[in-house]
S.K.: 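Take this structure first; my questions come after.
Note that the structure is predicted; figures quoted are calculated from it, not measured.
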Amino acid sequence: MSPEQWTSSSGNPPAKRTDLPAATAAKPTREQVIAGLRATSEGGADLVQLLTPEGQRVSHPDFDIDISPEQLRDLYRDMVLVRRADREGNALQRQGQLGIWVPLLGQEAAQIGAGRAMKPQDMAFPSYREHGVAWTRGIDPTELLGIFRGTDHGSWDPTSTGFHLYTIVIGNQCLNATGYAMGQRFDGKVGDPDGEATMVFFGDGATSQGDVHEAMVWSAVYDSPVVFFCQNNQWAISEPLERQTRVPLYQRASGYGFPGIRVDGNDVLASLAVSKWALEECRNGNGPVLIEAFTYRMDAHTTSDDPTRYRMSDEQEAWKLKDPIERLRVHLIREHAADQDFFDSIDAEADQLAARFREFCFNMPEPPPERLFSQVYAEETPQIAAQREDYLRYLSGFADEAASGNAVAGGVH
């Protein structure tokens, strides 16, 4: 039934409304939607940027930041090492050493900037691509390998690191982060600069999940100190952003009643500055905040994906010119803040990390079957103990059958 066929309670067709906003009254064309979302190739007029793709430092009236040459060099080191570990993970999957790998390529600045903005008392909730954030929270890249090799769900302690385990279910970490942040508020850990805050990471595709919507509703109602950090890498696997939303993602925050901001996700300085501001807002009791980091996924969604089936190579080539590492490298050279010896030393350190990463992967031990039941709860329950014993008894049956078969075969000879 079309709208023209609807009738009112009196049986007469309702009068056509003339007070609808333009976006509701007329369906935009595909070209209009894309233009409204992207505005320019740099993310639109509202984009916060402190470092241009050409490596030039620019100022911003609200989100400028003072940073030393040493700090700039540290950020460059972070991004180079994280990218090298990511590339090794990709190669190891292709060699059959990992079941799957989730590439980070192109999103280093967004994650390193956000991660370095966090304080030790803060908590991060990742999805499955936050290798850069893990690095900033003290997680060695080798600790990620068990997840993608299928031997564990994460080997680090979320409490001591301030970094939760990876979440595979799309968007679910937003609910977890919201609950954690509500606890921070209920426990009186917000309200001053030394307070706590939570940051949760997800992609543009996750914004179409109900979990993300519910998390933002609850966070707004309870003034939860949580920063929603959306890495808009333009593609939800094979679905482009224009099929996800009619408005830029950061503008959705106004519908929930809290601030939203779009930052150049390929600019590590802008990501750092905006994340610092957002976390301070939450620490002081003014959360939540939504950050849309406008970036691009340079590789496949995962190693099970083939991006050549749904996107054009010229799009990827255009984004290569906005590479986050190269723009900081050019800036360091432009400002005489680093010389060739520095860059060579970082490359050598990256080679060492890659070698250690590969060696660790090749020699990872197979966990014993009872590992499946360990550390499920802080204290083992009788139900878990019974399940473990049943499972081990089940496995031992196969060993008994094999031994019996060998004995029979030996008797024949």
Side-chain angles (χ1 to χ4, degrees), residues 37-83 86 104-118 129-133 135-136 199 201 203-204 227-234 241 248-250 259-280 289-298 315-316 318-335 337-338:
L37 286 169
R38 298 190 175 178
T40 73
S41 62
E42 289 298 325
D46 293 335
L47 187 83
V48 176
Q49 186 180 82
L50 298 179
L51 198 61
T52 70
E54 296 77 26
Q56 181 180 359
R57 182 75 158 85
V58 293
S59 61
H60 191 280
D62 300 316
F63 297 100
D64 221 337
I65 188 172
D66 291 326
I67 191 164
S68 68
E70 181 181 5
Q71 290 172 317
L72 286 172
R73 291 191 293 270
D74 287 343
L75 292 172
Y76 178 83
R77 173 181 176 271
D78 284 339
M79 291 194 292
V80 170
L81 295 184
V82 164
R83 176 173 291 187
D86 173 71
L104 170 65
L105 188 65
Q107 299 177 220
E108 296 88 357
Q111 293 193 17
I112 294 300
R116 288 302 181 197
M118 300 182 73
R129 199 186 303 275
E130 275 65 58
H131 319 322
V133 183
W135 172 268
T136 66
M199 182 172 270
F201 298 86
D204 49 290
V227 178
F228 292 96
F229 194 92
C230 175
Q231 294 170 86
N232 174 12
N233 61 23
Q234 312 303 317
L241 182 63
L249 294 175
Y250 75 98
I261 185 169
R262 173 181 275 184
V263 64
D264 185 344
N266 285 22
D267 175 358
V268 69
L269 298 188
S271 295
L272 176 65
V274 169
S275 297
K276 277 183 172 288
W277 167 81
L279 287 164
E280 287 301 318
V289 176
L290 169 63
I291 298 174
E292 177 195 355
F294 197 81
T295 182
Y296 190 78
R297 168 167 56 80
M298 294 298 294
E315 178 180 305
Q316 184 173 353
W319 276 92
K320 283 183 179 180
L321 301 176
K322 305 169 190 177
D323 182 82
I325 296 179
E326 186 61 25
R327 78 168 66 181
L328 183 53
R329 177 187 176 94
V330 171
H331 176 70
L332 288 168
I333 295 172
R334 183 196 294 267
E335 298 297 318

S.K.: Between Asp86 and Arg129, is the closest basic N to carboxylate O distance under 4.0 Å?
M.R.: no

S.K.: Do Pro53 and Leu321 have side chains that approach each other closer than 4.5 Å (heavy atoms only, starting at C-beta)?
M.R.: no

S.K.: Side chain of Arg262, backbone of Phe294: donor and acceptor closer than 3.5 Å?
M.R.: no

S.K.: As an exercise, state the distance from CG of Asp264 to CG of Leu50, rounded to the nearest 0.5 Å.
M.R.: 9.0 Å

S.K.: Return the CG to CD1 distance between Asp74 and Ile112, rounded to the nearest 0.5 Å.
M.R.: 11.0 Å

S.K.: Between CD1 of Ile65 and CH2 of Trp277, what distance do you get to the nearest 0.5 Å?
M.R.: 14.0 Å

S.K.: Looking only at heavy atoms, what is the nearest atom pair of Ala114 and Met199, with distance?
M.R.: CB-SD, 3.8 Å

S.K.: Under 3.5 Å, is there a donor-acceptor pair between the side chain of Gln71 and the main chain of Pro69?
M.R.: no

S.K.: Judged by modelled atom types alone, do Thr295 and Asn266 share a side-chain donor-acceptor pair under 3.5 Å?
M.R.: yes

S.K.: For Asp267 and Gln49, which I'm curious about, is there any donor-acceptor pair between the side chains at under 3.5 Å?
M.R.: no

S.K.: Is the side chain of Gln234 donor-acceptor paired with the backbone N or O of Asn232 at a distance under 3.5 Å, no angle test?
M.R.: yes

S.K.: Where the side chain of Glu292 meets the backbone of Tyr250, is there a donor-acceptor pair that is under 3.5 Å apart?
M.R.: yes

S.K.: About how many Å separate CE of Met79 and CZ of Arg329, when rounded to the nearest 0.5 Å?
M.R.: 11.5 Å

S.K.: Output the distance between atom CZ (Phe201) and atom CD (Gln107), rounded to the nearest 0.5 Å.
M.R.: 11.5 Å

S.K.: Rounded to the nearest 0.5 Å, what separation is found between the CZ atom of Phe63 and the OG atom of Ser271?
M.R.: 12.0 Å

S.K.: Looking at Arg116 and Val268, would you say the former's side chain and the latter's main chain have a donor-acceptor pair under 3.5 Å?
M.R.: no

S.K.: Examine the side chains of Glu70 and Ser68 and answer whether a donor and an acceptor come within less than 3.5 Å of each other.
M.R.: no

